[in-house]
Novice: 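Handing you this structure, nothing more for now.
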2 protein chains.
Amino acid sequence: MHDSKDFLSELQGRGFRLTRARKAIVTFLACIDAPQSIPEILEALRKKGLLFNKTTVYRELAFLVKEGVAKEVRVSDEKRYYELAGEHHHHTICMRCGDIRDVLFRENLLHVERVLLERDGFRVLEHSLEFFGLCSVCKS
Amino acid sequence: MHDSKDFLSELQGRGFRLTRARKAIVTFLACIDAPQSIPEILEALRKKGLLFNKTTVYRELAFLVKEGVAKEVRVSDEKRYYELAGEHHHHTICMRCGDIRDVLFRENLLHVERVLLERDGFRVLEHSLEFFGLCSVCKS
DNA sequence: TGACAGATGCAACTCAGTTGCGTTAATATG
DNA sequence: CATATTAACGCAACTGAGTTGCATCTGTCA
């Protein structure tokens, strides 16, 4: 649960417009705690009577990522998922119902990233750590 | 670099046929150390004069995963990548040239998975840990 | 209130992946 | 070696995510 006002006024402060689509998308992402795919966002907004062209939503999400307001979650079920930016965290993905949830824990991967740089010459800029399994509902 | 003969004779031992497509795909994956997408596999085989219908390759990869011979790599650039099964490892993905490489290191995520089960009721069956950044070529 | 540029909608597109169905070919058996 | 069985194959047509060009609209500011 984020505060959409923060993100929107931040964007406005940088000289971007507060359009109907921008407000709707940021507000929607702010009040939901799970990463959402664009088809999901389109459908959820449509159910609220907020109709947008899919091109608009694709472009808006690309814009929000570029401006650092949203993050793309790499989960690979051939859709791309998005969530508002916040503290670095990871995800659990239920292999049965597809539910994706944020999980926070202190995990120290810095030593691994140092090894990758020194041994392989690979400079890590970000990582993704996702856990696949069964959520509490599907497990039982 | 795997030995394709091991995988193929294993499959034959289980009563599956050694078809032209099966041999070509397993052999190709065995002699390349990076996960490959299906369009990449199709193109690489085509260049060797080995023509297959894309449906065949999609079905063959699904079969190899089901039989435990191949693994699907979740990297989410909207394509699915495949590699022959082997020791559990992770990947580095260059954000500039797209190069994907295997990396092995001992990483202990068991305590994290225990926390997820006890605290959230989420039973981890597998995880993916991918590092995005710049490879040694693109970095300089 | 008018103008500018950022944002939008639409149509047409690309490309990964899927499905149904008739045909081919790898293997076992006589 | 001939033949039968069925796993595997090829083809065509499809779905669905994501993209692009272009004309139009609208949020903001002077």
Side-chain angles (χ1 to χ4, degrees), chain A residues 4-5 7-28 35-46 49-67 69-70 72-82 98 100, chain B residues 4-5 7-28 35-46 49-67 69-70 72-82 98 100:
Chain A
S4 61
K5 296 236 170 58
F7 290 107
L8 289 172
S9 54
E10 168 66 25
L11 285 173
Q12 197 168 36
R14 287 186 226 165
F16 297 106
R17 296 181 187 169
L18 294 195
T19 63
R20 202 174 67 91
R22 183 155 298 157
K23 285 185 281 189
I25 292 169
V26 171
T27 303
F28 172 66
Q36 302 288 307
S37 70
I38 287 181
E40 281 169 355
I41 295 171
L42 267 165
E43 178 59 17
L45 294 179
R46 197 192 58 75
L50 299 166
L51 300 177
F52 301 101
N53 188 276
K54 67 171 180 169
T55 308
T56 302
V57 181
Y58 276 99
R59 286 201 270 236
E60 184 60 28
L61 266 300
F63 167 85
L64 293 175
V65 168
K66 180 168 67 69
E67 292 303 317
V69 168
E72 190 178 319
V73 178
R74 303 168 180 268
V75 176
S76 185
D77 78 333
E78 81 257 20
K79 284 196 280 266
R80 303 179 190 177
Y81 290 78
Y82 297 90
I100 303 176
Chain B
S4 61
K5 297 235 170 60
F7 290 106
L8 290 172
S9 55
E10 168 66 25
L11 285 173
Q12 196 169 37
R14 286 186 225 164
F16 298 106
R17 297 181 185 169
L18 293 195
T19 63
R20 204 173 66 91
R22 183 156 297 156
K23 284 185 279 188
I25 292 169
V26 171
T27 302
F28 172 66
Q36 303 288 307
S37 69
I38 287 180
E40 282 169 354
I41 294 171
L42 265 166
E43 179 59 17
L45 295 179
R46 199 192 57 75
L50 298 166
L51 300 177
F52 301 101
N53 188 277
K54 68 171 180 168
T55 307
T56 301
V57 181
Y58 276 99
R59 286 200 269 236
E60 184 59 28
L61 266 299
F63 167 83
L64 293 175
V65 168
K66 180 169 67 68
E67 292 303 318
V69 168
E72 190 179 319
V73 179
R74 303 169 180 267
V75 175
S76 185
D77 78 332
E78 80 258 19
K79 283 195 281 263
R80 302 177 192 179
Y81 291 78
Y82 297 90
I100 304 176

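Lettering follows sequence order; numbering is per chain, from 1.
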Novice: With nearest nucleotides of DNA chain D determined for A:F16 and A:Y82 from heavy-atom distances, which residue corresponds to the more 5′ nucleotide?
Specialist: A:Y82
Novice: Establish, with yes or no, whether the OP1 or OP2 oxygen of D:dC11 is under 4.0 angstrom from a side-chain nitrogen or oxygen of B:N53.
Specialist: yes
Novice: How many Å lie between CD on B:Q36 and P on C:dG17, as a whole number?
Specialist: 13 Å
Novice: What about A:R17, does its side chain sit under 3.5 Å from the base of C:dA5 through a donor-acceptor pair?
Specialist: yes
Novice: I need the NZ-P distance between B:K54 and C:dG20, as an integer number of Å.
Specialist: 16 Å
Novice: Closer than 4.0 Å, any side-chain N/O of A:T19 to the OP1 or OP2 of C:dT8?
Specialist: yes
Novice: Go through the N and O atoms of the side chain of A:R22 and the base of D:dG27, and report whether any donor-acceptor pair is under 3.5 Å.
Specialist: no
Novice: Looking at B:R80, does any N or O in its side chain come under 4.0 Å of the phosphate oxygens OP1/OP2 on C:dG17?
Specialist: yes
Novice: Return the nearest nucleotide to the side chain of A:R59; candidates are D:dG10, D:dA17, C:dG9.
Specialist: C:dG9
Novice: Would you say A:T56 places a side-chain N or O within less than 4.0 Å of OP1 or OP2 belonging to C:dG9?
Specialist: yes
Novice: How far apart are the C-alpha atoms of A:F63 and A:L11, what are their side-chain angles, what is the distance that settles it, and do they pass the side-chain contact (heavy atoms from CB on, under 4.5 Å) test?
Specialist: CA-CA 11 Å; A:F63 167 85; A:L11 285 173; 4.1 Å; yes
Novice: In whole angstroms, how far is the P atom of C:dA5 from the CD atom of A:Q12?
Specialist: 19 Å
Novice: Roughly how far apart are B:S4 OG and B:R22 CZ, rounded to 0.5 Å?
Specialist: 13.5 Å
Novice: Does D:dG18 have OP1 or OP2 under 4.0 Å away from a side-chain N or O of A:Y58?
Specialist: yes
Novice: Is it the case that D:dG16 (base atoms only) and A:K79 (side chain only) share a donor and an acceptor within less than 3.5 Å, ignoring hydrogens and angles?
Specialist: no
